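Notes follow once the structure below has been shown.
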Amino acid sequence: MPKQSQPEPLCVVIAAQNAEDTIADAVSSALAQDEVGEIVVVDDASTDHTADVARTTAGTDTRLKCLSLGKNIGPAAARNLAIRSSVSPLIAVLDADDFFLPGRFAHLLSMPDWDLVADNIVFVETSGDQNVPMGSNLVEDLDLTAFVLGNLSSKATERGELGFLKPIMRRAFLDLHGLCYDPGLRLGEDYDLYVRCLMNGARFRLSHRVGYAAVMRNDSLSARHRTADLKTLLDAVDRHLAAPDQEAVARALMAELRAQTRRRHVLREFLDRKAGGGMAAALSYALSPLHNLMPIAQGVVADKLRARRRIPPAEGVVRTLLPIGKGTSLRPDLP
C-alpha cells in the first residue's frame, strides 16, 4: 500500500494586544490542530498579561513562540514580524479573540490547487462557543471580481465582509511576488493583501464549510478604528485602482468600493470636527468642498435608520459569513 504524503507544516500567526481574556482559547484551538507545526504570538505592547497567558496555555508544547514588543506596531506589522519569525511553508492567521473549530485544517488542506484557501466564518457571542453549524459543502474559486463584490455594501447588508476571511496562504506565493501585509494599515489590512494576491494571479479557493469562529466584541481593534485608519484604507484602494491590466468589471467594482469608503471617511471626519470644534467647524468642513455635503447627509440619515430598525438576532440563530444552506455561489454571475 503506497505511503500517504504528510501535509506541509503550517504556522499560525497571532497578533495580540491586551487579549489576556481570549488568548488562551485562541492558542488552545491552534494547538489542538495536528497540522499546526508552529504558533507565533506577537504581543503588541500589551499592558496586561497577554504573553504570560499564551505561554501558560502552551505549557511544555514547544510549538509556541511568543514575541513581546515594547512599542505598538499594529496588527499588520505584527503579522509580518510573526511570518518572518516562522519557517513553515504554510501561513494561517488567527485573531487573538477568535478560535479555530476542530478539524479546520484537515478539511482545508484536503483541497488541491490553491495559493490561498479559506473557509466560512461563524460569528459567536463568547470565546470557546463551539455550538455552531457546519455550513455547506460548496467549494468555489474566488477571483478578484467576486472578492471585491463581496466587500461592497448593499441595501440588504450593512457592509460587505469577504475581507474578514482568514485563509491559509502559501509562503512561496507571497515570497515570489514580494507580498506582505501593509504595515501602514490598521483597517482593511486583510482585504488589501488579498486584493494584491489576486492581482498577482493567486488561486483563491473558498469552502462554505464553517471552520473559523469570530467572537463579536465591541472593543475589538476593528470596532474602534479611527478616521485616519479610513484614510489609509482609502489610499490603499486608490493604489489598487492605479494597478494596470485589471478587468473592467473588477475595476468598476473597486471604484464603487472607493466611493463607499470615501463616504465613510467624510462622515467620520465630519463627526470628529463636530466633537472637537462644535457644529460650526463641522458645517465648515461639510460645505468646503461642497461635494462633502451629500455623503455626510446620507451617512447621518443611514445611521439613524439603522438604529431604528436594528433587531437583535433571534435566540439560537447564528450568523455566518457565507450561506449555510445548500450553498450559493458568490458570482452566479455578478450584477
Side-chain angles (χ1 to χ4, degrees), residues 4-15 25-40 63 79 82-83 86-96 98-124 130 132-144 146-147 150 161-176 179 181 190-191 193-195 197-198 200-215 318 320-330:
Q4 292 184 335
S5 61
Q6 295 297 314
E8 296 176 275
L10 184 149
C11 177
V12 174
V13 303
I14 305 174
D25 284 326
V27 169
S28 294
S29 74
L31 291 170
Q33 310 266 330
D34 292 338
E35 299 76 13
V36 173
E38 293 181 282
I39 303 169
V40 181
R63 288 179 291 172
R79 289 174 183 172
I83 292 170
S86 70
V87 297
S88 299
L90 302 179
I91 306 295
V93 170
L94 176 61
D95 286 345
D98 298 341
F99 57 93
F100 298 135
L101 296 176
R104 184 200 189 214
F105 291 132
H107 169 64
L108 290 179
L109 294 177
S110 70
M111 290 187 281
D113 304 325
W114 50 265
D115 301 299
L116 290 81
V117 61
D119 52 10
N120 206 347
I121 296 175
V122 63
F123 299 94
V124 298
Q130 297 191 10
V132 299
M134 289 299 297
S136 80
N137 292 322
L138 177 67
V139 176
E140 58 184 316
D141 292 322
L142 191 61
D143 61 13
L144 178 62
F147 178 72
E161 296 175 321
L162 286 192
F164 290 173
L165 291 172
K166 294 293 188 289
I168 303 173
M169 299 177 282
R170 291 196 185 278
R171 182 191 296 272
F173 180 86
L174 299 178
D175 290 347
L176 176 64
L179 296 170
Y181 288 97
D190 296 296
Y191 169 83
L193 178 59
Y194 306 157
V195 165
C197 285
L198 288 164
N200 280 278
R203 301 165 299 170
F204 198 155
R205 185 146 287 186
L206 179 60
S207 168
H208 285 230
R209 177 171 163 175
V210 175
Y212 186 102
V215 181
V318 295
T320 56
L321 182 64
L322 307 172
I324 59 173
K326 293 182 179 179
T328 302
S329 173
L330 294 171

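A quick note: this is a predicted structure, and the numbers were derived from the prediction, not measured.
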Would you say the side-chain atoms of [X] pair up with the backbone N or O of [Y], donor to acceptor, closer than 3.5 Å?
X: E8; Y: P89; value: no
X: D141; Y: R205; value: no
X: E38; Y: V87; value: yes
X: R171; Y: S88; value: yes
X: T320; Y: L322; value: yes
X: Q33; Y: L101; value: yes

Measure across [X] and [Y] and return the closest heavy-atom pair with its distance rounded to 0.1 Å.
X: A118; Y: F204; answer: CB-CE2, 3.8 Å
X: G163; Y: Y194; answer: O-CE1, 3.9 Å
X: A26; Y: I14; answer: CB-CD1, 4.5 Å
X: L162; Y: A146; answer: CD1-O, 3.9 Å
X: M111; Y: S207; answer: CE-CB, 3.8 Å
X: R209; Y: D119; answer: O-CB, 3.3 Å

For F123, ring pair (Phe, Tyr, Trp, His ring centres under 6.0 Å) partners two or more places apart:
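Not a single residue meets the ring pair (Phe, Tyr, Trp, His ring centres under 6.0 Å) criterion with F123.
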Between atom [atom1] of [X] and atom [atom2] of [Y], what is the distance when rounded to the nearest 0.5 Å?
X: D98; Y: K166; atom1: CG; atom2: NZ; answer: 6.5 Å
X: M134; Y: N120; atom1: CE; atom2: CG; answer: 10.5 Å
X: Y191; Y: F164; atom1: OH; atom2: CZ; answer: 13.5 Å
X: L116; Y: R170; atom1: CG; atom2: CZ; answer: 9.5 Å
X: M169; Y: L10; atom1: CE; atom2: CG; answer: 10.0 Å
X: Y181; Y: L174; atom1: OH; atom2: CG; answer: 8.5 Å

Decide side chain to side chain contact (heavy atoms under 4.5 Å, CB included) for L198 and D143; before the verdict, give the C-alpha distance in whole Å, the side-chain angles of both, and the deciding distance to 0.1 Å.
CA-CA 7 Å; L198 288 164; D143 61 13; 5.5 Å; no
If you apply the rule side chain to side chain contact (heavy atoms under 4.5 Å, CB included), what do you find for V215 with D25, and how did you get there?
CA-CA 11 Å; V215 181; D25 284 326; over 6 Å; no
Test item: side-chain donor near acceptor, R104 and S29, under 3.5 Å:
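No.
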Looking at residues at least two apart in the chain, or sitting in another chain, which of them share a side chain to side chain contact (heavy atoms under 4.5 Å, CB included) with R63?
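R63: side chain to side chain contact (heavy atoms under 4.5 Å, CB included) contacts with L31, V36, D61.
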Applying side chain to side chain contact (heavy atoms under 4.5 Å, CB included), can you list everything that pairs with A30, at least two apart in sequence or on another chain?
V12, I39, F100
Is any side-chain heavy atom of [X] closer than 4.5 Å to a side-chain heavy atom of [Y]?
X: D190; Y: L165; answer: no
X: L108; Y: W114; answer: no
X: D115; Y: C197; answer: no

